[in-house]
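Have a look at the structure below before the remarks.
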There are 2 protein chains.
Amino acid sequence: MLKAHQQITKTLVAELSLRNEGLSMTNLQQTDFSKWYLQTIQQAELMSYSEVRGCIVFRPDGFEIWEHIQAQVNAYLKQEKIRNVYFPMLIPKAYFMKEAEHVAGFAPELPWVTEVGTEKLAAPYALRPTSETTIGHSFKDWIKSYRDLPLEINQWANVFRWEKKTLPFLRTSEFLWHEGHTAHATEADARKRTRSVLDFYVTLLQDFLAIPVYAGRKTPSERFAGAVDTYSVEAMMQDGKAVQAGTSHYLGTKFAEAFDIQYLNQDNHLTNVHTTSWAVSTRLIGALIMVHGDEQGLVLPPKVAPTQVVLIPVGKWQQQPEILQQLATIQTELAATGLRVRLDDTDNTPGFKFNAWEQKGAALRIECGPRDLAQHQVMLKARDAHDKVAVPLAGLTTTVQTELATMQARLFTKAQARYHAHEHLNIDTLAQLKAYLTTCQKTHQIPGFILIGWDGSEETEQIIKAETGFTTRNIPFDPPVKKTIDLVSGKPAQYSVWIARAY
Amino acid sequence: MLKAHQQITKTLVAELSLRNEGLSMTNLQQTDFSKWYLQTIQQAELMSYSEVRGCIVFRPDGFEIWEHIQAQVNAYLKQEKIRNVYFPMLIPKAYFMKEAEHVAGFAPELPWVTEVGTEKLAAPYALRPTSETTIGHSFKDWIKSYRDLPLEINQWANVFRWEKKTLPFLRTSEFLWHEGHTAHATEADARKRTRSVLDFYVTLLQDFLAIPVYAGRKTPSERFAGAVDTYSVEAMMQDGKAVQAGTSHYLGTKFAEAFDIQYLNQDNHLTNVHTTSWAVSTRLIGALIMVHGDEQGLVLPPKVAPTQVVLIPVGKWQQQPEILQQLATIQTELAATGLRVRLDDTDNTPGFKFNAWEQKGAALRIECGPRDLAQHQVMLKARDAHDKVAVPLAGLTTTVQTELATMQARLFTKAQARYHAHEHLNIDTLAQLKAYLTTCQKTHQIPGFILIGWDGSEETEQIIKAETGFTTRNIPFDPPVKKTIDLVSGKPAQYSVWIARAY
């Protein structure tokens, strides 16, 4: 065991140093990240394309990743006594007209149901892009007095946003998400929930998906349409671009005013509620792949991998039935501890199987052949390790559990090291930024995340976006340094803000 | 404990005999079943109405019932190695045109998306009423050879059928369901899956929801649009009407032909696959309520009840903190065994709470007051029992588990007795049927299910429907008697068929 760990650690360090030098430019992942991504998700059989514009089919492994994420979210909801509900998918047009910012944000992307059978509807319905309006309508009925507060619910749903550019998992016309909606008596209570959820998202991303995140507050121009404050967790993909991985909104009394959601307080006065909403979606699957995948295909943190252990017979195993029996016993033992284990006893060659299961991101591979059988051992290889190691059958379950936990931690550490290598804290002017980007392009370097000073003006954001394609990601709660000068205007900075290109 | 059971059994018998005589006509459930139903689901806070035509909001208790059903279905799927997937909700219009019977069956009820933002789409999309067409399109890509078969998947989804008459849970424009879809090399394999699923539905309904079912084959006119054979489980509501609670379809090679789903068999010949599809939906929630509910409101089988045990302090409990402490201890102990327990420590009166929790269908009520505390006991009342009984604190967890299991079995037995009381096996002619229905109307008797002889002609079905409103439910696998003469034509019967009015 100790030897195995040392081996894996050594390999990791070698690989990381290669990558950090930015010199290994021969593989597809580094030369054409988009192409690599599309190839990887297809080879891993996570999805299929569909003939509905911008929509995909979630195949079993793709959907199972989502189910594991759902289980984590449901555990948080249960702990917080937030219950699941389901609202109609169709939203009457009139609802959208009630909150001006909200309608302005979503109107261009709304699909409309205008007919049923061969008859035209008197008033069209939109396919929900999010459910604040329709839930606000019910909150009005359900909330009468302070005793009804807080009212906290969640729904799992499909939502629609007909965006111009789509990309499987990361930006699809229809996607799956959970959306939490809460109403509170006070701003303080509502803001507390908003932040509690964001803290949960940090844990979900970092501890479960092994994706380090930048947690912070969105600038006004990047807020959810209708929010007073939007908080986000942002992740850095291996091409240095950002994915907004989860958001939590404090909506103030805007939806309360639009939908007339009031309660009688303890002094018998009608008072507006303060609402929040928050979501993570199936775009997390895209982030997982872009953060952890490698040239061989999918790499998944063991906690979320559909196949945590794959068992493969090698050598002349067809002539020695004990080998398959041995693997079947191992499968039973591992499965009994709750592990997700698959035994590949098809007629394909071992080499074919190794490759196929690497593409699919099986976390650990266990091989058993005639020699292993004789020596009471198996060969074990973690998906992210270069070499396999012999481990004794005795104590195999414990070995596997330790290996999986180690791999989970290793993927996080590896991603974190990559983030740090691509964070830039000392770019102070737009000229410096543009020079840096020119260098990046020439040397095929990844631009990554840049912490800049910001005077709080939308003008600065617009100029940066127009000239570099970078957008403000968020204002970190705890910036690594304090930037003092606005990148564009040169005025004193009010905030330190992460900027990056984003999906 | 023994005494408690005897008491409950005595009560049950008394109540059943009352009901079977059809004489107790003073309560709303018996005088206006529809009104009772709508009142019950509202008071139980299972749903709210929405402003989208025929759609409802599933509130926490309503949705939780569905989540418990989902867990049972997912367990079956896991056991059978059938994995979950997700397909786009929108279906291109061209897909519907490929299977003639299918389009004819669903076209009048399809909502169409014709615009996005302010732009008209070149080709409209339907909101899925079911997914055979869109899944067929993917099956064509995924299936190449016999090695790819069987291909068995399932999805949890919202579906849309814009029906003229709607009723909360039982018939809504949008509903939730699971839909299994499988492709097989042979008819035998496909039919085996079709029947295995139906067997599972029988177990789900009877063992989990305590709803007895009539399992059988649909007549051709009642088949799913595009099916070769449809099997169903039918349940009898307390007003004698039927609910089709689950269906499993053998689709033959119809969708294979329409969507060109072929495989290379072992002799290297291109061959059509045989497909199946099957579903249960949120209409099961409606069936649950209509089968088990009583004048006081919801009655839920303990296995599916969101609240399995409610704890209510009584007497001057506010002055004696030990009472609430005692109940909190009980809650912790019961919850530790996985039971769903709620402690109602609000300031409402005990009488108010008793009523509210009966309306919501809490399975067991446990009361504790000063006298109970002194005597190391609590009062226990099953939702469907008339009286409460004192039970000792010692061994309370076991007592509760036994009571819940007993109640689950009792609800099934009670429903079964009611079914038998409203089954009619000796109506042989249309004249007899009409005379019977006239009597029913005059005496406020429930018509129920009638087993008739059928010559297999659609004409017989049409005449029965036109003259009585009864439709064929299914041809039972194992009819209680063999009917020999067609009810309408007087010709020799080919089948014994259950007929009933249906939701």
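Proteins get letters first, then strands, A, B, ... in listed order; numbering begins at 1 in each.
Across E109(A), M89(A), R147(A), the residue that shares the most heavy-atom pairs under 4.5 angstrom with chain B is M89(A). The candidate with the highest count of non-hydrogen atom pairs below 4.5 Å against chain B, out of P88(A), S138(A), P124(A), is P88(A). Contact tally against chain B (heavy-atom pairs below 4.5 Å) for D141(A), I91(A), T346(A), D61(A): the top residue is D61(A). Per-residue counts of heavy-atom pairs under 4.5 Å with chain B were compared for E64(A), E119(A), Q155(A); the largest is that of E64(A). Heavy-atom pairs under 4.5 Å with chain B peak, among Y95(A), W66(A), F106(A), at Y95(A).
The contact between E174(B) and chain A is made entirely by side chain atoms (from C-beta outward), counting heavy-atom distances below 4.5 Å. Contact annotation for T118(B): neither backbone nor side-chain heavy atoms come within less than 4.5 Å of a heavy atom of chain A. The contact between I56(B) and chain A is made entirely by backbone atoms, counting heavy-atom distances below 4.5 Å. Contacts of P306(B) with chain A are made by side-chain atoms alone, with heavy-atom separations under 4.5 Å and no backbone atom involved.
To the nearest 0.5 Å, atom CE of residue M47(A) and atom OH of residue Y86(B) are 15.0 Å apart. Separation of atoms CZ (F63(A)) and CG (N154(B)) is listed at 9.0 Å; rounding is to 0.5 Å. Separation of atoms CD1 (I153(B)) and CZ (R59(A)) is listed at 9.5 Å; rounding is to 0.5 Å.
For V116(A) against P108(B), the heavy-atom pair with the smallest separation is CG1-O, 4.1 Å. Taking every heavy atom of both residues into account, V52(A) and L90(B) meet most closely at CG2-O, 3.2 Å. The two residues S48(A) and W142(B) have their closest heavy-atom pair at OG-NE1, 2.8 Å.
Side chains of E67(B) and N84(A): a donor on one and an acceptor on the other come within 3.5 Å.
Here the side chains of V85(A) and F58(B) are not in contact, with every heavy-atom distance at 4.5 Å or above.
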Test side chain to side chain contact (heavy atoms under 4.5 Å, CB included) applied to L127(B) and L127(A), step by step: CA-CA 10 Å; L127(B) 309 195; L127(A) 308 195; 4.1 Å; yes
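For OH of Y49(A), the number of neighbouring non-hydrogen atoms (other residues, nucleotides, ligands) closer than 6.0 Å is greater than 12.
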